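Just so you know, these numbers come straight off a predicted model, no measurement behind them. Both counts, for ligands and for their atoms, begin at 1 and track the order of listing. Positions are given from 1, in the same order as the sequence printed here.
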Amino acid sequence: MTEGKVKAVKLEKKQKLANPVEASIDIASQEMIAQGQKLGVETIFDRAVKMKPCNIGVQGTCCKNCSMGPCRLPLPKGGIEGEDERKGLCGATANTIAARNFIRMIAGGAAAHSDHGRCVAEVFLSVARKETDAYEIKDYDKLLAVAEYLGVETTVEIDGEIEDRDLDEVTLETAEAAINEWGKPEGELLTLKKAPKARYEIWKKQGVLPRNIDREIVEIMHRTHMGVDQDYKNLIKQGTRAAIADGWGGSMLATDIQDILFGTPYPVQSEANLGVMREDHVNLIVHGHEPVLSEMIVAVAETQEMIDYAKTKGAKGIQLSGICCTANEMLQRHGIPLAGTFLQQELAIITGACDAMVVDIQCIMQNLANVAKCFHTKLITTHPIAKMEQDNVIHIEFDEHHALEDAKRIVKMAIDNFEKRGAEVMIPQHKASVVAGFGVESIEYHLGGTFRGTYYTLNDNIINGRIRGVAGVVGCNNARTRHNEGHLLVVKELIKNDVIVLTTGCTAIACAMEGLLTPESAAVYCGPGLAEVCETVGIPPVLHLGSCVDNSRILLAATEVIKAGGLGNDISDFPVAGSAPEWMSEKAISIGHYFVVSGVYTVFGVTLPTSGAPVFHNYITKELEDIYGGMWDVETDPIKHAHMMIAHIDKKRKELGIDRARERVMMDMASRQALET
Ligand code: NFS
């Protein structure tokens, strides 16, 4: 530990500290929370004990959109009887205020995902214009698929013959068409046509087809300005447009373009949890979201030149690992291990073995700088829109035009810092094996029909009841709940009941840390039907589909299920449910809402910031189902949470008339064998 620098974050003597066992379900994290407390280094877990959330904000009924407020409209004790007379100075009702706040959260989330997408699209354009040689097209099949849905011709007729067009021209036109989706002056998003036809028609009928990605976000800021939209139904309608523009627009383009530039993921093996850090290696941790930078770090850190350089400094090599969604991106394409979830970022530094942490955008706690100050760790920001005020933070602005040089500088900085480690090194010895990197294509490969090459086998197993249904369990950690407990209890309860789980984001990392992302976990945790499918095909019962922008992969996988037939015409017809047990970010609200309006019943844990406005809350948790076939729900008890999803899945099985097959599966083995085709 670096002497003399501890004071910046020293825990006060009388400060109430977190109980490590109550704060996290994960032993590695418990050890590091305790280690932080021993060294006097405060973490988010201690701050969560010290500072309670504001009850009015939790209810979603605090309006601070003008300087006459903040107007606070808490729900009276015992609820509302008769007319709800609460109003702000301008007369805004609790419903208006909660709806405004809610869609501003959607705007924040959609902006974060989509601006990330824009950055990736800009790199794609640089590649197409041949302005950078650090990046190249890695997946031409994906490029041609994206060209097609963006309306770029990939063939040309010459003398009556159809020939392929020049690939450079196709690449350039595709990149230009992609960028155009953020700000085109008229029309609607071209990506919407990837949705099932019935879904597209619902959006059209409701008048919620997004026009372009940026406009829907801007319009939320306008409508929620003082004195504009004062009808909660009309407000959420705009929230719907922006959320669709995220899930079926900005996020989907981010995923597709990342696949074009960095390769479409296929299953890879790796490991997860803080135990992936190595005491005798240079530990470089990438944290954030955009793979544009971390791809270059991987490329540089794996060169012999850098490994040799690390050896000259006394290290045995370079251990790269990741936190948050950058971790998921690096895992799914390169097998780089996961150091941990959102709530483990400070803990990774408290190991005393993190030689450098390089961050880009989103989910980066400002307290990282204070924790880094207590150790030798170099904390490096890289993005022009995400800097930190603390003076120990180094800013190396990353640019795709000199990407390799920037990455080299960062890797060298980590290596040079290896020798400066203090005496207090403690890496928890906990990690689990992982198989990650699933997606629309690899699910088709593993669960597709041998001859049909579609989702036939998956559908068949849903119809015959071996797989009861599909769940998308996603989202963050939240320091107001026990780290990872909600994720793991919900996911385990689902797979125990034969529901296959698709996961992304920090839920995916939590599942990875628990060993749920291995085919072997099927025999331990699954019901008999799902276990049989997983064992036959050799897949885990929980499929890692990537980062949070990759939730678009879940939407597209659901669309493939519909296309393969036998399970209805729309996402809302088939047995699927969504969940975010430990959500905390605005991005999660945007994801939740595009799940809902894509026809998915979606349950959130922790709380929903709408509870203080019962009429609006009722609208999104009940009435939306009549319009979109999906709705919000909230449940903090993980087991109940999972069973609400299962009940919905069973309701859909019944509506499809496939509930009987499942009864036979559960009752006797002979009937199950009779179902085999
Ligand atoms: Ni998603 Fe990824 Fe994690 Fe939550 Fe943050 S890392 S984009 S927002 S905390 S899942």
Minimum-distance pair of heavy atoms, taken over all atoms of Ile323 and Gln344: CD1-O, 4.0 Å
Distance-only polar pair, side chains of Asn328 and His544, donor-acceptor under 3.5 Å: yes
Determine all donor-acceptor pairs shorter than 3.5 Å in which one atom belongs to a side chain in residues 431-441; sequence neighbours excluded.
| residue | atom | partner | partner atom | Å |
| --- | --- | --- | --- | --- |
| Lys431 | NZ | Glu271 | OE1 | 3.3 |
| Glu441 | OE2 | Lys142 | NZ | 3.0 |

Mode of His113 contact toward ligand 1 - side chain, backbone, both, neither (heavy atoms, under 4.0 Å): neither
Polar side-chain atom of Thr382 near backbone of Val359 as donor-acceptor pair, under 3.5 Å: yes
Residues Thr341 and His483: side-chain donor-acceptor under 3.5 angstrom: yes
Numbering as shown, the atoms of ligand 1 that approach Met584 to under 4.0 Å (heavy-atom distance): 9 (S)
Arg333/Glu329 salt bridge by N-O under 4.0 Å criterion: yes
Atom indices of ligand 1 within 4.0 angstrom of Gly475 heavy atoms, with elements: 10 (S)
Tally of protein N, O or S atoms, where distance to atom 2 (Fe) of ligand 1 is under 2.8 Å: 2
Main-chain N/O of Val597 paired with Arg199 side-chain donor or acceptor, under 3.5 Å: yes
